[in-house]
Amino acid sequence: MREAPPGGKLPMKVAVCIKQVPGTTEVQVNPDTGTLMREGVEAIINPFDLYALEEGIRLKEKYGGAVTVLSMGPPQVESAIREAISYGADEGVMISDRSFAGSDTLATASTLAATLRILGPFDVILMGRQAIDGDTGQVGPETAEHLGIPHVTEVKMIEGIEGNRITLHRMLEHGYLRLRAPLPILLTVVKEINTPRPASFKGKLRARQVPIKILRAQDLELSPEIVGLSGSPTRVVRVFTPPRPTGGKVFTGEPKEAVENLLRTLEEAGIPLKCRNGS
Amino acid sequence: MEGIKVIIETCTGCGLCLRACPYQAIELREKKAWITDKCILCGACVEVCPWKAIVIAGWKPLPKEDLSRYRGICVVAEHRFGKLSPVVPEIVGAALALKGQFKSAPRFVSALLIGTGVKTLVEDLFAYGVDEVWLLDKSGIDPFAEDILAELAVRAIRERKPEIVLGGGTVMGRSLLPRIAAKLRTGLTADCTELTIDPETELLRQTRPAFGGNIMATILCESSRPQMATVRHKVMKPASKEMGRTGRIVELDYKVPKSDFEILEFVEDTSQKIDLTEADFIVSGGRGLGDPKNFSYIEELARVIGGTVGASRAAVDAGWIPYPHQVGQTGKTVNPKIYIACGISGAVQHQVGMKGSDVIIAINKDPNAPIFTIAHYGIVGDLFQVIPELIRQIRSRESGEGAS
């Protein structure tokens with residue numbers, strides 16, 4: 001499907017930014033205490049980032065080059081980086097410093113951009129469309145802005161790279177957009193882009209052995225005002241659990257009777273479940 | 001940990017914060033909460049502590065600039081193919097509501113309209129009730145060329161200095177506004193579901209869901225301007241449209257830069273013909289269907305009530321229906337008037353994508369399925385009997401009561 005680039009720029013230098021997040025499977029609110037229940041919640045790689053990683057590995061396989069995985073966060077992100085290596089990333093970099101804690105999207109983007117500048121230049125920088133804890137989807141575009149390179153969000157397909165131009169499909173409401181853009185570029189990807197491969201045995205072995213580079217605030221030469229809490233223009237002033245529905249009306253028994261009861265109740269509540277397409 | 005502190009004297013060691021922490025960053029040491037290196041300062045523990053024993057300190061404002069020079073609320077008027085995006089009346093509605101909450105001095109609501117041949121939309125914006133339209137109508141601006149749009153918008157914002165900038169929580173809005181915010185080095189809050197003006201400080205209180213909707217956070221942007229937010233589609237009440245209203249047009253005359261992007265084509269996706277995120281009625285099927293051909297039950301019910309077909313991840317992963325139909329964490333977030341979940345157990349990942357629906361109806365044979373905990377109405381039963389019965393009764397009620 002993808003054509004090799006005639007006289008294309010080889011090899012590709014690819015960066016994939018991943019985030020470690022709580023696996024939300026079991027994150028539910030305790031109805032009695034109103035708190036998040038975290039039983040059995042383990043830290044995982046943000047699911048969307050796995051698609052970014054897979055796409056990075058595919059670019060490497062097609063055009064040659066290397067994939068660097070970066071993750072910013074507290075020391076335990078090392079396990080996420082090692083996991084990424086087991087899937088096929090070449091090297092891992094951890095961006096970790098206490099002064100980064102409390103970063104909002106702007107400060108996170110400043111820190112990632114500084115890291116990418118030091119390790120780069122990269123041809124393609126990949127991220128998942130959003131992290132499942134913060135759900136903002138802003139770090140990608142803001143990082144691209146700090147780097148001064150173009151970005152495209154919601155990428156569902158990389159058609160190919162020719163010379164210095166990449167052709168992409170971007171998901172939008174009601175369809176998708178085909179567009180071409182120059183390298184270097186930052187892309188955020190959706191699930192539709194690929195099916196991530198499982199870790200290989202060789203990959204797992206490598207993941208255990210490969211040294212992970214650690215970058216601290218001083219390595220990034222960032223002024224303290226633009227990282228962490230002080231570099232974050234937004235501040236969370238309140239966290240609360242949304243009001244829960246009080247539990248619904250459930251109808252049981254024979255289908256005919258249950259449906260009758262449901263439709264009557266809906267009608268009484270003024271809820272418009274009606275036939276809108278007769279025939 | 002810097003920034004976050006446990007006040008040892010007040011901490012009772014009750015352990016509520018341990019359970020609230022999504023990052024497992026709190027331990028009990030000598031019967032007091034202890035914050036470990038895993039903390040990312042998300043603040044979940046602060047709110048949950050009944051003793052107010054956890055505080056986040058150390059937050060320093062950015063260098064002060066003269067914030068009072070920024071005035072008014074600006075709405076980024078997204079448009080495509082000569083029409084305003086459906087989210088625009090909703091953002092204007094939110095902006096007008098905010099305008100009414102300022103007590104110190106009156107504020108204007110402006111709309112920033114950038115594009116080629118977009119002058120025709122000015123009338124619509126006035127009809128929705130904006131006071132001003134900042135208009136940049138010049139040739140060579142592709143509505144998909146976000147890099148140009150960002151640059152031009154930044155110029156307008158720097159010059160006009162609104163204190164608040166709101167955009168749509170659309171694919172475009174959530175890509176364009178971060179670009180603008182980063183250029184301006186200001187704060188941006190994603191996908192807000194509630195916006196109010198703080199009565200004392202007159203700052204914008206921006207409330208949004210996080211952790212897949214399991215928690216809500218209220219966010220302020222205190223010392224940089226503008227305060228920027230994207231607004232989740234289909235949450236805010238749209239402004240009413242009254243043709244004939246007018247306002248002031250501010251014509252902007254900036255040189256249009258060249259875009260990095262070459263827009264090749266927009267391909268309408270037939271499987272997304274009615275976009276799930278726009279649908280008022282959705283009928284979704286899950287693993288309980290058992291077989292791809294049983295999606296015909298879902299399709300038929302959807303057809304009868306004029307709805308769109310959705311699906312759980314299980315059904316999509318099984319290859320029963322294409323990905324654009326997937327509702328949930330890794331699919332679409334929907335907020336229809338009615339969501340009917342058929343044979344969907346309702347894992348948290350699915351709930352995240354649909355619990356904003358006005359009314360949720362669940363049909364499932366397992367009375368203990370988690371979907372029933374969030375459904376407003378439910379039927380416990382075999383969907384292969386319940387759905388046909390539902391279709392039959394909806395039809396007969398209609399014919400019995402006459403067409404209305």
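Numbers restart at 1 for each chain; the letters A, B, ... are given by sequence-line order, proteins then strands. Quick caveat, the model's predicted, so the values are computed rather than measured.
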*Asks:* What I want to find out is whether A:Arg235 reaches B:Glu222 closely enough, with some N-O distance under 4.0 Å, to be called a salt bridge.
*Replies:* yes
*Asks:* Contact part of A:Ala269 toward chain B, heavy-atom cut-off under 4.5 Å: side chain, backbone, both or neither?
*Replies:* side chain
*Asks:* Chain B heavy atoms under 4.5 Å from A:His169: which part of the residue, side chain, backbone, both or neither?
*Replies:* neither
*Asks:* Measuring heavy-atom distances to chain B, does A:Gln130 have an atom under 4.5 Å in its side chain, in its backbone, in both, or in neither?
*Replies:* side chain
*Asks:* Any ion pair linking B:Asp198 and B:Arg205 (charged N to carboxylate O, less than 4.0 Å)?
*Replies:* yes
*Asks:* Non-hydrogen atoms of chain B under 4.5 Å away: do they reach the side chain of A:Ala109, the backbone, both or neither?
*Replies:* neither
*Asks:* Decide, yes or no, whether a salt bridge links B:Lys337 with B:Asp358 under the criterion of side-chain N to carboxylate O below 4.0 Å.
*Replies:* no
*Asks:* With sequence neighbours left out, what residues match A:Val236 under side-chain contact (heavy atoms from CB on, under 4.5 Å)?
*Replies:* A:Val239, B:Ala217, B:Ile219
*Asks:* Under a 4.5 Å heavy-atom cutoff, which of A:Thr143, A:Thr252, A:Leu262 has the most pairs with chain B?
*Replies:* A:Leu262
*Asks:* Which atoms of B:Glu146 come close to chain A, meaning under 4.5 Å heavy atom to heavy atom: side chain ones, backbone ones, both, or neither?
*Replies:* side chain
*Asks:* Go through the atoms of B:Asp147 and report whether side chain, backbone, both or neither lie under 4.5 Å from a heavy atom of chain A.
*Replies:* neither
*Asks:* So what's closer than 4.5 Å to chain A heavy atoms on B:Ser85: side chain, backbone, both or neither?
*Replies:* neither
*Asks:* Side chain from CB out, backbone as N, CA, C, O: work out which of these in B:Val359 comes under 4.5 Å of a heavy atom of chain A, or both, or neither.
*Replies:* side chain
*Asks:* Any Lys/Arg nitrogen of A:Glu162 or A:Arg180 sitting under 4.0 Å from an Asp/Glu carboxylate oxygen of the other?
*Replies:* no
*Asks:* Please state whether the side chain, the backbone, both or neither of A:Glu154 comes within less than 4.5 Å of a heavy atom of chain B.
*Replies:* side chain
*Asks:* Any carboxylate oxygen within less than 4.0 angstrom of a Lys/Arg side-chain nitrogen, looking at B:Lys183 and A:Glu145?
*Replies:* yes
*Asks:* With a 4.5 angstrom heavy-atom cut-off, could you sort out which part of A:Leu168 is near chain B: side chain, backbone, both or neither?
*Replies:* neither
*Asks:* Tell me, side chain or backbone of A:Thr188 under 4.5 Å from chain B's heavy atoms, or both, or neither?
*Replies:* neither
*Asks:* Is there a donor-acceptor pair closer than 3.5 Å between any side-chain N or O of A:Glu142 and the backbone N or O of B:Ala181?
*Replies:* no
*Asks:* Any side-chain to backbone donor/acceptor pair from A:Asn261 onto A:Arg264? Under 3.5 Å, distance only.
*Replies:* no
*Asks:* Quick one: what part of B:Ile338 sits under 4.5 Å from any heavy atom of chain A, side chain, backbone, both or neither?
*Replies:* side chain
*Asks:* Could I get the full list of side-chain contact (heavy atoms from CB on, under 4.5 Å) partners for A:Pro74, not counting sequence neighbours?
*Replies:* A:Gln76, A:Val77, B:Ile40
